[in-house]
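Everything below concerns the one structure shown next.
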Amino acid sequence: MAAQTTLPPASADTPPDRPAIPARRARGEHHEVRLFSGLGQLALAVWAVIVIVPILWTFLAAFKNTGEIFSSPWTLPAELRWENFGRAWTKAHVGRYFLNSVFVVSCSTFGTMLLGSMAAYVLARYKFRGNRAIYYLFVSGLAFPVFLALVPLFFVVRNLGLLDTHTGVILVYIAYSLPFTIFFLAAFFRTLPNSVAEAGMIDGCSHTRLFFQVMLPMAKPGLISVAIFNIIGQWAQYQLPLVLLSNAKDKWVLTQGIADISVNAGYEADWSGLFAALTIAILPMILVYAIFQRQIQSGLTSGAVK
């Protein structure tokens, strides 16, 4: 009778077969993801506090008087003093500066989006000699600080006879915003399907009609995103109008008006009017971003999804 060999019984300490290594690795990766997620949430919370607290403090100070601002800066106002806004709007001429900013930003944003979208479409969809060189020339403007060009820009605008005019500021805003606009929209136009453009050309569309009636509506999410970023950036611009509108106080934009109020506040002690003017300047941009938040997010992500 042949001898039978018996295997020793499996011990409880015997490590499992191959699935044990992937399981241990998966637990490690999951722990690493949770760690980075927690650090990211902590960083976002700290950033939110840094941004939100000064804005809330400004809004509260806009309804206080000067004594309350310095004696109890972190408490709620004893009453809502709406006259602070009226005084800032009329006495400090914030109303005029606000309308100037609306006019300048509206015209410059329209010009930026029109010229930027046309240039980005040609650079993204048409192949010709010098295409990449022109594209990189535009993109290089992103790395050029604005303050380095203030002196030559002043003389160029003055020689054109556009100094102390809204036209000069609008043209400079357009040139200042084109690099980012072209950089963003060129990448977006590359994601649009070629089949739609080919179908439009077969149907008899000219290049101009194809752009305005077919391709531009398809790029609407990207256009909205870039337009909002341009509006916010141009609305908060201070250096360019300070240089180009220094001698035309009736044409100042909102940032110049608030800076003038802050200088005079040291002598007139109207700090509540200053914070009311700041609130008037901040609220429109918060409302614009809150209203178009979804369009901005869809424009930023649709180019990567397509």
Side-chain angles (χ1 to χ4, degrees), residues 48-109 146-147 150 164-166 168-170 172-173 176-177 228-292:
V49 171
I50 293 174
V51 173
I52 293 176
V53 170
I55 294 177
L56 291 179
W57 186 82
T58 301
F59 289 169
L60 290 177
F63 293 98
K64 297 180 179 181
N65 55 29
T66 302
E68 290 178 334
I69 291 175
F70 288 97
S71 62
S72 55
W74 295 106
T75 59
L76 295 175
E79 58 177 321
L80 298 179
R81 296 178 174 83
W82 295 100
E83 63 272 12
N84 295 340
F85 293 89
R87 189 170 62 254
W89 187 268
T90 56
K91 183 179 178 181
H93 309 292
V94 171
R96 181 175 63 194
Y97 302 145
F98 183 89
L99 295 178
N100 289 341
S101 292
V102 170
F103 173 75
V104 170
V105 172
S106 299
C107 295
S108 59
T109 301
V146 179
F147 63 86
L150 290 179
D164 295 326
T165 64
H166 284 160
V169 178
I170 291 171
V172 172
Y173 275 10
Y176 163 76
S177 304
I228 297 302
F229 285 125
N230 283 330
I231 290 173
I232 294 175
Q234 294 172 5
W235 183 268
Q237 182 59 240
Y238 175 69
Q239 289 181 326
L240 292 177
L242 179 65
V243 173
L244 302 178
L245 296 174
S246 58
N247 297 322
K249 191 171 183 178
D250 58 328
K251 298 180 180 179
W252 280 5
V253 295
L254 195 55
T255 51
Q256 289 177 282
I258 292 177
D260 185 66
I261 296 174
S262 64
V263 173
N264 294 330
Y267 302 97
E268 299 180 2
D270 190 8
W271 293 98
S272 56
L274 171 62
F275 288 112
L278 286 172
T279 303
I280 295 174
I282 294 172
L283 275 179
M285 295 301 99
I286 295 179
L287 293 177
V288 167
Y289 189 85
I291 293 173
F292 296 99

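The first residue in the sequence is number 1, and the count goes up from there.
- Here Phe85 contributes atom CZ and Leu80 contributes atom CG; the two are 9.0 Å apart, rounded to the nearest 0.5 Å.
- For Leu56, the side-chain contact (heavy atoms from CB on, under 4.5 Å) partners at least two apart in sequence or on another chain are Ile52.
- We find the CG-CZ distance between Leu283 and Phe59 to be 4.5 Å, quoted to the nearest 0.5 Å.
- Nearest heavy-atom pair across Gly168 and Leu244 is O-CD1, 4.3 Å.
- For the ring pair (Phe, Tyr, Trp, His ring centres under 6.0 Å) test, residues two or more places apart in sequence or in another chain that qualify with Phe103 are His166.
- Scored by the ring pair (Phe, Tyr, Trp, His ring centres under 6.0 Å) test, Trp89 finds Phe98 as partners (sequence neighbours excluded).
- Counting only residues at least two apart or on different chains, no salt bridge (Lys or Arg N to Asp or Glu O under 4.0 Å) pair has a member in residues 235-246.
- Atom-to-atom distance recorded for Leu254:CG and Leu99:CG is 10.0 Å, nearest 0.5 angstrom.
- In this structure, CG on Asn84 lies 8.0 Å from CG on Asn65, to the nearest 0.5 angstrom.
- Under the side chain to side chain donor-acceptor pair (under 3.5 Å) criterion, Ser72 pairs with Thr75, sequence neighbours left out.
- Note that CD1 of Ile261 is 11.5 Å distant from CH2 of Trp271, once rounded to the nearest 0.5 Å.
- For residues 93-106, no pair satisfies side-chain hydrogen bond (donor to acceptor under 3.5 Å, both in side chains), with sequence neighbours left out.
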Show me the side-chain donor-acceptor pairs of residues 235-243 shorter than 3.5 Å, one per line, residues at least two apart or across chains.
residue : atom : partner : partner atom : Å
Trp235  : NE1  : Ala281  : O            : 3.1
Gln237  : OE1  : Gln239  : N            : 3.2
Gln237  : OE1  : Leu240  : N            : 3.4

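- Heavy atoms of other residues, nucleotides or ligands lying less than 6.0 angstrom from OH of Tyr176 number 12 at most.
- Of all the heavy atoms in Ile258 and Ala277, the pair that sits closest is CD1-O, 3.7 Å.
- Applying the side chain to side chain donor-acceptor pair (under 3.5 Å) rule to Ser71 yields no partners; only residues at least two apart in sequence or on another chain are considered.
- Remark: Phe275 pairs with Trp57 by the ring pair (Phe, Tyr, Trp, His ring centres under 6.0 Å) rule, at least two apart or across chains.
- With sequence neighbours excluded, the residues that form a side-chain contact (heavy atoms from CB on, under 4.5 Å) with Val49 are Val53.
- Heavy-atom minimum distance, Asn230 versus Ser177: OD1-CB, 3.7 Å.
- Interatomic distance, OG1 of Thr109 versus CD1 of Ile170, reported as 10.0 Å (0.5 Å rounding).
- The salt bridge (Lys or Arg N to Asp or Glu O under 4.0 Å) contacts involving residues 50-67 comprise nothing, where partners must be two or more places apart or lie in separate chains.
- Considering all non-hydrogen atoms of both residues, Gly273 and Ala88 come closest at O-CB, 3.6 Å.
- Under the rule for a salt bridge (Lys or Arg N to Asp or Glu O under 4.0 Å), the partners of Arg81 that lie at least two apart in sequence or sit in another chain are Glu68, Glu79.
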